[in-house]
Amino acid sequence: MELFEDDPAPGGGNAPGNAHEYTVSELSGAVKRVIEGQFDRVRVRGEVGRVSRPSSGHMYFDLKDDRSVIAAVSWKGQVARMQVRPEEGMEVIATGRMTTFPGQSKYQLIVDDVEPAGAGALMAMLEKRRQALAAEGLFAPDRKQPIPFLPQVIGVVTSPSGAVIRDILHRLRDRFPRRVLIWPVAVQGQACAPEVARAIRGFNALAPGGAIPRPDLIIVARGGGSLEDLWGFNEEVVVRAAADSQIPLISAVGHETDTTLIDFAADRRAPTPTAAAEMAVPVRMELLARVNEGGTRMARAMTHRGQMRAQRLVDLSRGLGRPQALTAPARQRFDLWSDRLGPALRALTGRKREQFGPVAALVRPDLLRLFIRREQAAIDKLGARLGPALGRLRDEAARRNRDARARLDDLSDRLALAPRARLDALGERLDRLDRMRQTLGYTETLRRGYAVVRGPDGLITARAQAAGQTALEIEFHDGRLSVLPAGESDGAPAPQRPRKPGAGKSGSGKSGAGKPPPDQGSLF
Amino acid sequence: MTDIAAMTFEDAMKELEAVVGQLERGEVPLDRSIALYERGAALKAHCARLLRDAEERVEKITLGENGQPTGSTPVEGL
């Protein structure tokens, strides 16, 4: 200190001209040595101001009170070891050593530990964090999952040594022995929060049916301790891991009065590890008793119902009575009436016979004879009227017969005459027509002195044609004559070959005879 | 009807109690009550089997260097 407070005035120890001349670095180094020497290790109480944490991992923050500010630095390794991280506005006691930063003419505190200044401050910070996480909805009631009634595998996140796991296993053994997987973690100190968070996520990450069975319930447990001891269970990573857990989670951290933030995120909070075991499983013996009781009650109910129905059946069949009782009245009535049947018939026949007697007395032979005589007289009278009636009928029939006959004769005469008159008229007309036809045909021409000459091959109309013929036929009006041409005559008559047999016969009925040959027209 | 073998203890127990109640109140006809009784008996057997299967096994997760679980080892004496 004296170094800085030396009187530089003349007359002092050092002449002004002899004053030591520092370089900037030398002076900075000297200052650094003085400060580090004087404040080797200090505890400073103050409020945390602006906090910054660049990617280097170091943490820069201010510590301040109402008048002054000191810059503070925590290196990466120191930050990692801190139980409580400084947060803006937090009242803390920081422990560290003073140094300078010559590059900026700055003095600063290298902080290796920060503790909240008093429990009240820590609680205030906890409350602030709780509210922030609650605002995110991590503690919402609708996130809570029901605890399974009878989990098969229970995952316990705790220290593998110590009373807590013993308490849990002991209580489980009493109630309902189960398969338990212990995920060993540090339950206090720096490693606590990350290990607990990793354990919760690790259990969730186990695949169902894998080599390690996936628990269907997680218990996060720790025994009692100071607020600082339990601090890891207040860390955000732990709270978030618990809130994200798909497996239902029971938190059992500290004693009943200790509340950590994991309790808010857990699906159930148990006041103690033992209580967590009680929540986890039911009491096996009670259940066995209940199941057996159910079976017994069921059997009893069945038996009871069977007996009741059997009794009811007996009652009803008793009410039904003996079958003979049903038929007895009918039988009695039958007996009564069947006894009266025989006498009744006899009485009836007697009565009918009495009615028949007088009628039978009336039936006598002369009564029938009288009847026959009367009918005979009626028949005779009718017979006498039959003869004359028949005569009249015959006369009448004969008269009708005569009249009909006369009309028939008249009609048959007229019938005989009618067709002949018609035939005569038709014959006359036919003759007339035939005469007309003859006057028009070539035969009439023959009558006037012409003739037709034919050879064996047909009609001959020229001398040259006739010259080569062996025989000729000449037709006159009254018949045909075969002739031989004089020049070539050998004295034998030519055979008559009537090639056109009907050609000259007028008025014959043969087909084609009435028509002249087609080439006849050349004669005219 | 759900398969009894796949039922949790709690569900099986609930149904067993319902069956007992129905039989005791006598609200089912006789022929159905027999089927109901048989189902009740199966439920009871299932529950009893689940309760009988009360084996304690305590294992500790072993962790690799990266903090991931590598397996589990039995724990004795806790």
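Residue numbers begin at 1 in each chain, while the letters A, B, ... track the order of the sequences. Values below: every heavy atom of this structure, side chains too, minus hydrogens, waters and symmetry copies.
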For the candidates [options], which exhibits the highest count of non-hydrogen atom pairs separated by less than 4.5 Å from chain B?
options	answer
A:Asn292, A:Leu181, A:Leu150	A:Leu181
A:His170, A:Arg297, A:Arg179	A:Arg179
A:Pro177, A:Gly294, A:Pro282	A:Pro177
A:Pro184, A:Gly202, A:Gly295	A:Pro184
A:Ile154, A:Leu287, A:Val281, A:Leu169	A:Leu287
A:Arg173, A:His304, A:Arg198, A:Arg166	A:Arg173

Is the backbone N or O of [Y] less than 3.5 Å from a side-chain atom of [X], with the two atoms forming a donor-acceptor pair by type?
X	Y	result
B:Asp11	B:Met7	no
A:Gln145	A:Ser245	yes
A:Lys144	A:Ala266	yes
B:Thr62	B:Gly71	yes
A:Asn234	A:Leu261	yes
A:Thr158	A:Ala221	yes
A:Arg222	A:Val187	yes
A:Asp267	A:Leu249	yes

Which bit of [X] is near chain B, if near means a heavy-atom gap under 4.5 Å: side chain, backbone, both or neither?
X	value
A:Glu195	neither
A:Ala205	neither
A:Arg290	both
A:Ile165	side chain
A:Ile212	side chain

Exercise for the section: Please list all pairs passing the salt bridge (charged side-chain N to carboxylate O under 4.0 Å, His left out) test where one or both residues lie in residues 205-216 of chain A, with sequence neighbours left out. Expected result: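 Qualifying pairs: none.
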
Problem - Under 4.5 Å from a heavy atom of chain A, the part of B:Leu63 involved - result: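 The side chain, not the backbone.
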
Exercise for the section: Could you look at B:Glu55 and say if it's the side chain, the backbone, both or neither that has a heavy atom under 4.5 Å from chain A? Expected result: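 Only the backbone of B:Glu55 comes within 4.5 Å of chain A.
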
Handout entry: Taking every non-hydrogen atom, the tightest pair across A:Val196 and A:Val220
Key =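 Looks like CG1-CG1, 4.1 Å.
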
Between [options], the one whose heavy-atom pairs under 4.5 Å with chain A are most numerous:
options	answer
B:Leu16, B:Leu51, B:Val19	B:Leu51
B:Gly21, B:Ala12, B:Ala48, B:Ser33	B:Ser33
B:Asp53, B:Thr8, B:Leu50	B:Asp53
B:Lys60, B:Met13, B:Glu59	B:Glu59

Practice task
If the plane angle is over 60° it's perpendicular, under 30° parallel, otherwise tilted; pick one for A:Trp75 and A:His58.
Solution key: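 Geometry flag for A:His58 against A:Trp75: perpendicular rings.
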
